[in-house]
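Here the structure comes first, spelled out in C-alpha cells, and everything after it is commentary.
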Number of protein chains: 2
Amino acid sequence: MHETGTTIIGIMRISEGVEWAAHCCLLLDWMGRGDPETAEPVSTARLAAGYGLPPAYLNKQLQPLVKAGILTSTAGKKGGFRLAKRLADITLMDVLTAIEGPDEAFQCAEIRQHGVWADEPASVFRAPCAIDTAMRTAELEWRRALAAQTLAAIQANAELQAPGLRTQVLDWYAHPRT
Amino acid sequence: MHETGTTIIGIMRISEGVEWAAHCCLLLDWMGRGDPETAEPVSTARLAAGYGLPPAYLNKQLQPLVKAGILTSTAGKKGGFRLAKRLADITLMDVLTAIEGPDEAFQCAEIRQHGVWADEPASVFRAPCAIDTAMRTAELEWRRALAAQTLAAIQANAELQAPGLRTQVLDWYAHPRT
DNA sequence: GGACCTCTACTCGGATAGGAGATGTCCGAGTCTGACTGG
DNA sequence: CCAGTCAGACTCGGACATCTCCTATCCGAGTAGAGGTCC
C-alpha cells in the first residue's frame with residue numbers, strides 16, 4: 001500500500017476583492033444612513049479597519065468599482081468613497097463584473113480547428129462549438145442568478161439574521177477607537 | 001484628454017484542461033464506436049495530434065479524469081485512455097469537478113469576523129454570511145445547469161450541426177497520416 | 001511445432017522548470033481644511 | 001472683523017515588488033507484444 005503523494009489540483013477561484021467590495025458597499029450604506037446623496041465619504045483606512053484588511057490593497061480593489069460607476073471617490077483631506085447608487089440598484093453581478101472583468105469564465109479556444117479538422121471547410125465552423133454552447137448556457141444561468149440578487153436584498157437578509165448589529169457597528173465607528 | 005493607461009483587470013478563468021478533456025471524451029467515444037466495453041485504448045499522442053495539443057501536457061490534464069472514474073488508463077505498448085462510462089452518464093459538471101476540483105469558485109473568507117465585529121458574540125456568526133449565501137445560490141444554479149448537460153447530448157448537438165464530420169474524423173485517424 | 005524467456009518499444013504517472021496573474025506595498029498628484037495675514 | 005492667501009496633511013490613483021498557481025516539459029516505472037531459443 002504505497003500512499004500516492006498526489007498534489008491536490010488547483011481550483012478556479014473568484015478574487016477575494018469581490019467579497020471585500022460587496023462588504024464595503026453594505027458598510028458604506030450603513031454609514032451613509034441609506035442615502036447616497038447626503039452620505040459623507042469614508043476613507044479606505046476606516047473601511048479597512050472595519051474588516052481587518054490591508055488599507056492600500058483595499059484601495060486598489062475598490063478602484064474598479066469607481067470605474068464601474070458603483071462608487072464615487074473624493075480626494076482631499078475629508079475624502080474617501082461614497083456609494084454612487086442605492087443598494088437596490090446594485091446587483092452582485094455588477095460587483096463581480098467590475099472586479100473580475102466582463103469576460104466569461106470559460107474561454108473556448110476552438111481547439112477543434114487545429115489538428116484533424118484543420119482541413120475541413122470553413123463552413124463547418126460557422127456553427128459554434130457544442131461544448132462552448134453548453135458552457136455558455138450554464139454560465140448564463142449563473143450570471144442571471146447573480147443579477148437577480150441586489151445588495152439591498154442581501155443587506156435585508158443580513159439585518160434579519162443579526163438585528164442589532166447595524167447599531168453596534170455604527171457605534172464602533174462613532175467612538176474614536178479603544 | 002489624457003487617456004488613462006490603466007491595465008485591464010484580471011479575469012477568473014476556467015482551466016483550458018476542461019475544454020481539452022471534454023473534447024477528448026467526445027473523440028474517444030467516436031473512436032470506440034460508442035461502446036466503452038469494446039473500445040481499444042487511444043494514446044495521448046494520437047488524441048493530442050487530433051487537436052494540435054502538446055501531448056505531455058494533455059496527458060497531465062487527463063490524469064484527473066482517471067482518478068474521477070471518467071476515463072480508464074492502460075499502460076504498455078498498446079495502452080492509452082478509454083472511457084470508463086457511457087457519454088450519457090458523464091456530465092459537464094463531472095468533467096469540470098474532476099479538473100478544477102470540488103471547491104466552489106467563491107470562497108468566503110469571513111472577513112466580517114475581523115476588525116469591527118471581532119468583539120461580537122460568537123452566536124452572531126452562526127448564521128452564514130449573507131453575501132456568501134447569495135453567491136452560493138448563484139453558483140448552485142450554475143452547477144445545476146452543468147450537471148444537466150450530458151456529454152451525450154452535447155455530442156448529439158455537434159453531430160446535428162456537422163453531420164458528416166464523424167466519418168471524416170475516423171477516416172483521418174484510420175489512414176496513417178499524409 | 002510449441003512453450004518459455006528475454007528484450008525492446010511504447011504507455012502512463014509524477015517530479016521538475018517556466019511564466020502569467022493575483023496579492024501586497026509604496027510613493028506622487030491633487031485637493032480640502034484650517035490657520036495666518038493683510039486690509 | 002473679514003476676505004484672500006498659503007502651508008499642511010490627508011486622500012485616491014497608479015507604478016512597483018512578491019508570491020501563488022497555471023502552463024509546459026521531461027524522465028522513470030511498468031507493461032504488452034514481438035522475436036528468438038530451447039525442448
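Computed over heavy atoms, backbone and side chain alike; hydrogens, waters and symmetry mates excluded. Just so it is clear: chains get the letters A, B, ... in the order the sequence lines come, proteins before strands, and each one is counted from 1.
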Nearest to the side chain of [X], which nucleotide is it out of [options]?
X	options	answer
A/Gln61	D/dT25, C/dT23, D/dT23	C/dT23
B/Ala56	C/dG13, C/dT23, D/dT25	D/dT25
B/Ser73	D/dT23, C/dC12, D/dC10	C/dC12
B/Phe81	C/dG13, C/dG24, D/dG14	C/dG13
B/Ala75	C/dT11, C/dG24, C/dG13	C/dT11
A/Ser43	C/dC12, D/dT11, C/dT23	D/dT11
B/Lys77	C/dT25, D/dT25, D/dA32	D/dA32
A/Asn59	C/dG13, C/dG14, D/dG13	D/dG13
B/Val66	C/dC26, C/dG13, C/dG24	C/dG13

Describe, in one word, how the ring planes of B/Tyr57 and B/Trp20 are oriented to each other, choosing from parallel (under 30°), tilted (30 to 60°) and perpendicular (over 60°). perpendicular
Distance below 4.0 Å between [X] side-chain N/O and [N] OP1 or OP2:
X	N	value
A/Thr44	D/dC12	yes
B/Tyr57	D/dT23	yes
A/Gln63	D/dG14	yes
A/Lys67	D/dG14	yes

Taking atom CD of B/Glu40 as the centre, does the number of heavy atoms from other residues, nucleotides or ligands within less than 6.0 Å exceed 12? no
Would you please indicate yes or no on a ring centroid separation below 6.0 angstrom for A/Phe125 and A/Trp117? no
Can you find a side-chain donor-acceptor pair between B/Thr74 and B/Arg82 that sits under 3.5 Å? yes
Between C/dT11 (P) and B/Leu58 (CG): distance, integer Å: 13 Å
